[in-house]
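Here the structure comes first, spelled out in structure tokens, and everything after it is commentary.
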Amino acid sequence: MVAADKLKKISEDVWEIPTDYKPGMNVPGHIFLSDRLIEGLESGAIDQTANVATLPGIQRYSMAMPDVHIGYGFPIGGVAAFDTETGVISPGGVGFDINCGVRLLRSELMADDVKPHKVDLINALYEAVPSGLGSESKFRVNDAQLAEVFRTGARWAVENGYGVKADLEHCEENGEMKGADPAKVSKKARDRGRPQLGTLGSGNHFLEIQKVEKIYDEAVAKAFGLKEGQVTVMIHCGSRGAGHQICTDYVKTMEQASRKYGIKLYDRQLACAPLSSPEAKDYFAAMAAGANYAWANRQIISHWVREAFSKYYKRDVRMDLVYDVAHNVAKFEEHEVDGVKKALCVHRKGATRAFAPGRSEVPVAYRDVGQPVIIPGSMGSASYVLAGTQRGMELTFGSTCHGAGRVMSRSAALKDIRGNEVKRQLLERGIVVKAPKDAAIAEEAPEVYKEIDEVIAVVDGLGISKKVARLVPIAVAKG
DNA sequence: ATGTAC
């Protein structure tokens with residue numbers, strides 16, 4: 001394929017974009033792909049990875065995970081870390097769905113016992129959690145409450161009866177990113193966010209009842225509380241209209257800031273500001289608020305999932321949170337660069353933090369085995385639980401992939417694929433899908449995504465995170 | 001991803 005010809009294979013599954021690929025690159029690009037996956041690599045994704053390398057203060061490499069595809073400015077699947085003194089922050093490096101992410105609940109139930117009830121259970125979940133484009137929540141928060149949600153995230157939800165304290169210990173950032181400032185969130189973003197807290201959204205967002213099909217690492221799986229045959233529930237959603245509006249607002253701010261600070265942009269969508277500037281500080285405070293909204297959202301949804309299971313079984317069904325990860329966020333972290341520890345602003349857009357054993361950010365319960373990494377597959381395919389590694393700290397600033405990665409656009413999928421047909425095929429495989437309309441199923445059909453097993457094989461093979469468990473769907477509720 | 005528009 002033509003796209004791959006521009007890249008230099010420097011080791012197994014590591015492809016370099018040399019700095020002479022295009023003018024202005026400060027560092028090379030690194031794309032992690034198998035020989036098979038590289039055949040489907042979009043040349044636009046290479047260009048975007050190279051464009052990110054032109055931004056001021058970028059450290060080591062502009063990186064793309066094996067699920068990379070074209071996004072707004074930065075590629076989805078992109079990881080870029082910036083020096084806090086010379087670097088920048090960019091809304092395009094976080095994405096429109098701020099803290100789109102995923103969490104995994106482990107249940108005490110076994111798949112063989114749950115399967116006969118899957119239709120009733122998925123209907124119950126579908127009823128319990130509003131979903132779809134523009135969907136509104138079953139409850140309302142006022143302005144003061146919304147400000148607390150922006151400031152304290154999942155903690156607001158737990159303190160108001162949605163979940164237990166232990167949930168917070170098992171969330172990235174404890175579900176509460178520091179530095180969030182509701183005053184930096186526009187009225188428009190607040191107005192969009194207020195009625196949507198406690199909703200799933202649409203697109204690739206879903207609620208899924210799963211079975212732990214295979215364990216790859218018994219010791220780590222045990223630490224994560226996972227065993228074969230067990231039922232888990234995965235929740236994939238983000239910050240809804242609130243995060244989207246925050247991004248929209250700050251893209252405009254950053255376009256002005258880029259001019260003001262004389263940053264040469266090779267693509268307008270890379271709009272950014274120096275990390276030391278007031279514009280950067282405002283964006284970070286608003287982005288953190290958006291991230292907290294998403295954590296509160298997943299926390300509230302978790303509570304409704306627990307309620308639905310307990311109501312169905314007419315007893316208290318225990319469902320502990322394994323972990324909750326962000327897929328779209330920028331964070332300040334300490335990393336070693338050329339043997340020196342440095343404070344960096346790490347942008348992960350369609351990428352997951354995957355911290356090694358020993359890092360203080362990893363919850364005490366998992367500190368010896370590494371951070372749990374939750375990777376959702378496409379509808380009808382497997383999902384994975386991995387663990388962060390030291391190799392990942394060295395190669396990717398402690399990052400790994402976030403999912404399968406699209407290969408077909410939504411519009412193309414709608415044209416070529418019939419949702420009810422996909423639904424029928426999944427049912428033949430024993431997987432029940434519940435969605436507001438068939439078109440939503442067509443857009444997310446398994447064939448519009450890369451093979452998740454192949455993507456996971458790359459990150460596991462490179463050692464930037466390691467496989468712990470494979471989960472397969474029993475029933476899916478989609479937005 | 002997203003009230004598929006400034």
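We name chains A, B, ... by the order of the sequence lines, and we start the count at 1 in each one.
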Can you measure [X] atom [atom1] to [N] atom [atom2] for me and round it to whole angstrom units?
| X | N | atom1 | atom2 | answer |
| --- | --- | --- | --- | --- |
| A/K188 | B/dT2 | NZ | P | 16 Å |
| A/H205 | B/dT2 | NE2 | C1' | 10 Å |
| A/H244 | B/dT4 | NE2 | P | 8 Å |
| A/D97 | B/dT4 | CG | P | 14 Å |
| A/Y250 | B/dT2 | OH | P | 21 Å |
| A/R240 | B/dT4 | CZ | P | 11 Å |
| A/L414 | B/dT4 | CG | C1' | 12 Å |
| A/L133 | B/dT2 | CG | P | 7 Å |

- request: Please check the phosphate of B/dT2 (OP1 and OP2 only) for any side-chain N or O of A/S202 closer than 4.0 Å.
  value: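 The answer is yes; a side-chain N or O of A/S202 sits under 4.0 Å from OP1 or OP2.
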- prompt: Which comes earlier along DNA chain B counting from the 5' end, the contact point of A/K252 or that of A/R410, where each point is its nearest nucleotide?
  reply: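 The residue mapped nearer the 5' terminus is A/R410.
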task: Identify whether any heavy atom of A/G238 sits under 4.0 Å from a base atom; if not, whether one sits that close to sugar-phosphate; answer base, sugar-phosphate or nothing.
output: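 No contact.
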query: What does A/E443 touch in the nucleic acid at a heavy-atom separation under 4.0 angstrom: a base, only the sugar-phosphate, or nothing?
result: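 Nothing, no heavy atom under 4.0 Å.
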message: With a 6.0 Å cut-off on the ring centroids, do A/H69 and A/Y449 count as close?
response: no
- request: Indicate the ring-plane relationship of A/F74 and A/H347, choosing parallel, tilted or perpendicular according to the 30° and 60° boundaries.
  value: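 Plane angle under 30°, so parallel.
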field: Electrostatic pair A/E172:A/K331 at N-O distance under 4.0 angstrom
entry: yes
- line: In short, A/M319 meets A/L105 closest at the heavy-atom pair O-CD2, 4.1 Å
